[in-house]
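Here is the structure we will look at, set down as structure tokens.
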Number of protein chains: 2
Amino acid sequence: MTPEKFSQLDPVIHSRVRLGILTILASVKDASFAYLKDKIGTTDGNLSANLTRLEGEGYISMKKTFAGKKPLTTCRITGKGRAAFSEYLRTLENLLPLKTE
Amino acid sequence: MTPEKFSQLDPVIHSRVRLGILTILASVKDASFAYLKDKIGTTDGNLSANLTRLEGEGYISMKKTFAGKKPLTTCRITGKGRAAFSEYLRTLENLLPLKTE
DNA sequence: TTAAAGTACTTTATAAATTAAAGTGATAAA
DNA sequence: TTTATCACTTTAATTTATAAAGTACTTTAA
């Protein structure tokens, strides 16, 4: 049994913005670009880049539609993303001295 | 009351290697370079750079001595580092759906 | 009606951080 | 002696993240 190492934490998830995206997407059916931006507190460019990264990893999917006349990007976590996120949390709990009450 | 944002997570701490360093140093009086390297599972160069970063932030202190004839770097968390680490954990617990049992 | 401001992003450029490779200086082993 | 090893540091290369521009509209307001 190898000792638990911090390198086990999925680097795709271990980014403040991507962690925020996945945390939100794990708890709602889907979320818009604007909603994510507001909740996470980042810039348009940064959010865009990180969503693209997560989509590239197959952790989320994005659908582009229109809300009236305005473009609307809707994001959703995938099964793979949900599994990776759960595993990330599990690893964190094993590694950190957390005391959730 | 502003919504909780992931940008509140201290970027100095939110790095897999530095998180590992602080987690260990928070639970022991001090630790050697070799011990940290083994426990965290990283390379010499990476560990060295991250220790220097933490020292620069005032989160840890390093003492260089000799163990017999070999150089020995001993690391210790500072009060500031301990406070920042606690705050990081507190923020994480507020942000993530953790279920520590 | 048309100019200005806003929305909802993406793309490109720049800065910062991580990782990998090479380097240092000493000891120990063959 | 030369080869290897230890305990790191430094430099270089790659990857990330942040910031600045850019695109393609829509809405408001003169």
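Numbers restart at 1 for each chain; the letters A, B, ... are given by sequence-line order, proteins then strands. These numbers come from a predicted model, not from an experiment.
Along DNA chain D, the nucleotide closest to A/Val17 and the one closest to B/Thr52 are compared, and the more 5′ of them pairs with B/Thr52. Each of A/Ser48 and A/Lys70 has a nearest nucleotide on DNA chain C; the 5'-most of these lies closest to A/Lys70. Two residues, A/Thr43 and A/Lys69, neighbour DNA chain D, and the one matched to the more 5' nucleotide by heavy-atom proximity is A/Thr43.
Per the geometry, CZ belonging to A/Phe33 stands 11 Å off C1' belonging to C/dT7, to the nearest Å. Atom pair B/Leu9:CG and D/dA17:C1' shows a separation of 15 Å (rounding to whole Å applied). When the P atom of D/dA17 is taken as reference, atom CZ of B/Phe6 falls 15 Å away, rounded to whole Å. Remark: P of C/dA16 and CZ of B/Arg18 are 14 Å apart, rounded to the nearest angstrom. With rounding to whole Å, A/Lys37 atom NZ is found 12 Å from C/dT10 atom P. Distance OH (A/Tyr35) to C1' (C/dA8): 18 Å, rounded to an integer number of Å. Look at CG on B/Asp10: it is 16 Å from P on D/dA17, rounded to the nearest Å. For the pair A/Leu51 CG and C/dT11 P, the interatomic distance rounds to 13 Å; values are reported in whole Å.
The side chain of A/Ser15 lies closest to D/dA17, out of C/dC9, D/dA17, C/dT18.
Taking 4.0 angstrom as the limit, A/Arg53 places none of its side-chain polar atoms (N or O) nearer than this to OP1 or OP2 of D/dT15. Considering only side-chain N and O atoms, A/Asn46 lies nowhere under 4.0 angstrom from the phosphate OP1 or OP2 of D/dA17. Considering only side-chain N and O atoms, A/Arg16 lies nowhere under 4.0 angstrom from the phosphate OP1 or OP2 of D/dT16.
A distance-only check finds no donor-acceptor pair linking the side chain of A/Glu93 to the backbone of A/Leu98 [under 3.5 Å]. Within the 3.5 Å criterion, the main-chain N or O of B/Thr73 finds no donor-acceptor partner in the side chain of B/Ser32. A donor-acceptor pair is defined here as one N or O able to donate and one able to accept, closer than 3.5 Å; such a pair exists between the side chain of A/Arg82 and the backbone of A/Ala26. Under a 3.5 Å cut-off, the side chain of A/Lys80 and the backbone N or O of A/Glu57 do form a donor-acceptor pair.
Across all strands shown, A/Lys64 has heavy atoms under 4.0 Å from sugar-phosphate atoms exclusively, and none from any base. Within 4.0 Å of B/Thr42, counting heavy atoms only, lies no atom of the nucleic acid at all. Counting any heavy atom pair closer than 4.0 Å across all strands shown, B/Leu47 reaches no nucleic acid atom. Looking at heavy-atom distances under 4.0 Å, B/Ser32 makes no contact with the nucleic acid at all.
Nucleotide D/dA30 forms a pair with C/dT1, judged by Watson-Crick or G-U wobble geometry with both contacts under 3.5 Å.
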Item checked: Candidate pair B/Phe85 and B/Leu25, rule side chain to side chain contact (heavy atoms under 4.5 Å, CB included), full reasoning -> CA-CA 10 Å; B/Phe85 182 60; B/Leu25 294 184; over 6 Å; no

